[in-house]
Number of protein chains: 2
Amino acid sequence: MKKTILVFAALIFSILLLFQLGEYSLITGNVTIEIVIAIIALVFFGIGVVLNKKSLQQKKENQPQSEIDANKIEELEITNREYEVLQAVSEGLSNKEIAEKLFLSESTIKTHVSSLLSKLNAKRRTQAVQIAKELQII
Amino acid sequence: MKKTILVFAALIFSILLLFQLGEYSLITGNVTIEIVIAIIALVFFGIGVVLNKKSLQQKKENQPQSEIDANKIEELEITNREYEVLQAVSEGLSNKEIAEKLFLSESTIKTHVSSLLSKLNAKRRTQAVQIAKELQII
DNA sequence: TTCAGCCTCATACTAAAGTGCCAAATCGCT
DNA sequence: AGCGATTTGGCACTTTAGTATGAGGCTGAA
């Protein structure tokens, strides 16, 4: 916030300077009024663009649509291992492939998948993935 | 594009009018130069904001992350029916459920799924869904 | 140390999913 | 009418998935 205030102060100061310069130039007759106005217009146009861009950026950062995980995982009582398996399942891996990936037996994966299905209230792994995505768990 | 040209023409015309009005007011002595400059500054500031917003919007429309389908479906030679089945599969439905939904036999669904798998180069339906999402086909 | 919860694995089945092959019906196009 | 692609479906099998049940090992908390 300190930074913002400093920037604004500098900005206002610059603008005032610009005004003074414009009037001074006019009085001394160095430039015509059209040029002064054109410069001022350009400067403000630029300020408008920059400020707008910044405010839009902030918006983006504040609310990115795909907010990753959540504490819903806890609510559903999904354990660490189960979550790992869930992720692997969502990548389209078979039980055997998941087993190899995690250095476990296929039986173990089946156990985990089974409990995942009941916790996610799904009948098939495809449905589980669907539900998990809706809950933004993956 | 016609619209854009018209808008720009109107904009430029308005600005010229503004300039003329400003000079006229100055000459007749109705307002001070500061006010004229302030108005011009404000107007250009506004123009900057609006134009910037529009250009950013266009960017968004041109490349929004979740651009729905694509002509990749054609490239992959996926037929209409197959695509319908693909969507159903991605919803986590079983072959039987898809069959009921589309008023077809389970055999037919299996045929469609099978050809989908080979076209998407997948080994399992879960993988097919994954790949389809990467290709932004669903 | 006792115990609940998690992780691991096995066995035995049942149920889905997938494959291959074939074939009839439909549809758009020439 | 004839052709090619699509759609539909059956049958016989092989592979995965999923369920049920049981059980041993590990760990942190009471």
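Chain A is the first sequence line, chain B the second, and so forth, proteins listed ahead of strands; every chain is numbered from 1.
Using a 4.5 Å heavy-atom threshold, the side chains of B:N95 and B:V113 count as touching. Looking at A:R124 and B:E97, their side chains come closer than 4.5 Å, going by heavy atoms from C-beta outward. Between B:Y83 and B:L116, the closest side-chain pair of non-hydrogen atoms is not below 4.5 Å. With a 4.5 Å cut-off on side-chain heavy atoms, A:E82 and A:S115 count as touching. In this structure, B:L135 and B:L120 have side chains that are in contact, with non-hydrogen atoms separated by less than 4.5 Å. B:Q87 places none of its side-chain heavy atoms less than 4.5 Å from the side chain of B:I98.
What separates CD1 of A:I78 from P of C:dG5 is a distance of 17 Å, to the nearest Å. A straight line from CD1 of B:I109 to P of C:dT19 spans 15 Å, rounded to a whole angstrom. For B:E84 and D:dT6, the CD to C1' distance is 13 Å, given to the nearest whole Å. Atoms CD (A:Q127) and P (D:dG18) sit 11 Å apart, rounded to a whole Å.
Using a cutoff of 4.0 Å between basic side-chain nitrogens and carboxylate oxygens, A:K101 and A:E91 are scored as salt-bridged.
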- Going 5' to 3' through nucleotides 6-17 of chain C, assign each nucleotide B (protein heavy atom under 4.0 Å from a base atom), S (under 4.0 Å only from sugar-phosphate atoms) or - (no protein heavy atom that close). SSBBBB-----B
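Rounded to 10°, the helix from C:dT1-D:dA30 to C:dT30-D:dA1 has 50° between the axis fitted to its first five pairs and the one fitted to its last five.
Once rounded to the nearest 0.5 Å, the distance linking CD of B:Q127 with OG1 of A:T126 reads 14.0 Å.
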